[in-house]
Participant: 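A single structure is presented below for examination.
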2 protein chains.
Amino acid sequence: MKLDAIDRKIVAILQEEGRMRTNELAEKVGLSPTPCARRVVALEDRGVITGYTASVNQEMLGLPISIFVSVELDNQRAEALQLFEKEVQTFDEIMECFIMTGSQDFLMRVVAADLGSYERFLQEKLTRVPGIRSIRSRFALRRIIKRDRLPNLSH
Amino acid sequence: MKLDAIDRKIVAILQEEGRMRTNELAEKVGLSPTPCARRVVALEDRGVITGYTASVNQEMLGLPISIFVSVELDNQRAEALQLFEKEVQTFDEIMECFIMTGSQDFLMRVVAADLGSYERFLQEKLTRVPGIRSIRSRFALRRIIKRDRLPNLSH
DNA sequence: CGTGAAACTAACCACCC
DNA sequence: GGGTGGTTAGTTTCACG
């Protein structure tokens with residue numbers, strides 16, 4: 001899966017302006033529209049570009065709170081991990097979840113309207129998943145960086 | 001800033017399919033194209049929709065590693081916080097950064113191509129920011145949830 | 001909010017280099 | 001792999017009910 005300089009430029013631009021048209025994009029990357037469109041389709045087909053999304057203001061949509069939740073499991077057997085993974089997929093409040101190195105736990109960012117609804121999330125959803133040894137919540141006061149575009153590789 | 005049911009539906013759809021056309025969107029929300037387009041413009045103008053981005057596969061772009069970095073400052077004076085905030089804005093490797101409650105520190109997700117480039121990020125960038133008391137890095141093995149769409153408010 | 005018409009543009013294809 | 005031209009189809013935008 002090789003990406004040349006033009007592919008990387010296309011990806012960089014579309015990360016910042018996901019609705020840009022083929023014509024404008026082609027001009028910006030120095031191609032004519034047809035090969036530019038071909039590249040975009042190829043990037044989508046290869047799974048480099050996985051979709052297009054509108055970025056929204058979380059506060060304005062009534063979800064001002066982000067909580068980072070660390071979850072440790074009772075044991076690290078593969079079935080336990082898979083079960084947990086399957087269960088949490090169904091929880092809409094979790095925006096992202098990572099398996100971490102070290103004590104083999106999970107780190108997730110949960111969004112909520114207020115502390116009450118976060119508590120409900122804990123009591124009615126997360127703590128009901130079997131196999132959890134501990135849960136730790138850390139609250140975010142404010143987000144100071146939200147970047148849409150991945151850095152370039154240059155070292 | 002009131003959003004009715006149709007606005008929320010528009011926002012929900014565009015979070016999952018950011019390139020959807022006015023016609024199709026209008027049909028899905030039960031409106032004719034003109035008022036639907038008017039609503040989208042209004043949502044953008046009010047700052048509910050802040051932009052459109054292509055979602056990409058981080059691994060395929062050569063950045064397979066995510067690291068959660070907790071930074072604690074020497075002191076919590078406003079100037080120290082603002083200085084830190086200003087400095088880290090310039091670091092492309094930081095995809096998101098939150099100010100946390102409690103010990104008043106920062107939590108950020110940093111992406112890297114490999115451990116070497118992460119170490120360079122630490123040594124050449126992050127540790128050179130003045131006023132840092134401690135830095136803790138936790139590595140993600142794998143991301144199991146990446147959600148584009150915020151949950152609905154329903155309680 | 002909806003309709004209809006006008007103007008514009010974008011996407012697509014076959015073909016050539 | 002990139003470029004051109006032409007056709008088609010669709011989109012946006014407006015004035016108005």
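A note on names: the letters A, B, ... follow the listed sequences, proteins ahead of strands, and every chain is numbered from 1.
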Participant: Round to the nearest Å and state the distance from B:Glu27 atom CD to C:dG2 atom C1'.
Facilitator: 16 Å
Participant: Keeping B:Thr101 on the side-chain end and A:Phe139 on the backbone end, is there a donor-acceptor pair under 3.5 Å?
Facilitator: yes
Participant: Choosing from D:dG1, C:dC1, C:dA11, which nucleotide comes nearest the side chain of B:Arg39?
Facilitator: C:dC1
Participant: With under 30° as parallel and over 60° as perpendicular, where do the rings of A:Phe106 and A:Phe84 fit, or are they tilted in between?
Facilitator: tilted
Participant: If you look at every strand shown and take non-hydrogen atoms under 4.0 Å, does A:Thr22 touch a base, only sugar-phosphate, or nothing?
Facilitator: sugar-phosphate
Participant: Can you tell me how far P of D:dG5 sits from CG of A:Asn23, to the nearest Å?
Facilitator: 14 Å
Participant: Rounded off to whole Å, could you give me the CG-to-C1' distance for the B:Leu25 and D:dT11 pair?
Facilitator: 13 Å
Participant: Send over the distance from A:Leu31 CG to C:dA11 C1', rounded to a whole Å.
Facilitator: 17 Å
Participant: Ring pair (Phe, Tyr, Trp, His ring centres under 6.0 Å) with A:Phe98: which residues, sequence neighbours excluded?
Facilitator: B:Phe68
Participant: Side chains of B:Phe121 and B:Phe91: closer than 4.5 Å at any heavy-atom pair?
Facilitator: yes
Participant: If I take atom CE in residue B:Met20 and atom P in nucleotide D:dT11, what distance separates them, rounded to the nearest angstrom?
Facilitator: 12 Å
Participant: Run the salt-bridge test on A:Arg39 and A:Asp4 with the 4.0 Å N-O cut-off and return the result as yes or no.
Facilitator: yes
Participant: Measuring from A:Glu16:CD to A:Ser55:OG, what's the distance to the nearest 0.5 Å?
Facilitator: 10.5 Å
Participant: Can you give the dot-bracket line for DNA chain D, where a pair is Watson-Crick or G-U wobble with both atom distances under 3.5 Å, crossing pairs use [ ], and | marks a partner on another strand?
Facilitator: ||||||||||||||||.
Participant: Can you tell whether the side chains of B:Glu85 and A:Arg142 come within less than 4.0 Å, N to carboxylate O?
Facilitator: yes
Participant: Which listed nucleotide (C:dA10, C:dG2, D:dG3) is nearest to the side chain of A:Arg21?
Facilitator: C:dA10
Participant: What nucleotide, of D:dG5, D:dG2, C:dG2, holds the atom closest to the side chain of A:Thr34?
Facilitator: D:dG5
Participant: With no angle test and no hydrogens, is the base of D:dG1 tied to the side chain of A:Arg38 by a donor-acceptor pair under 3.5 Å?
Facilitator: no
Participant: D:dG1 P sits how many Å from A:Leu3 CG, rounded?
Facilitator: 13 Å
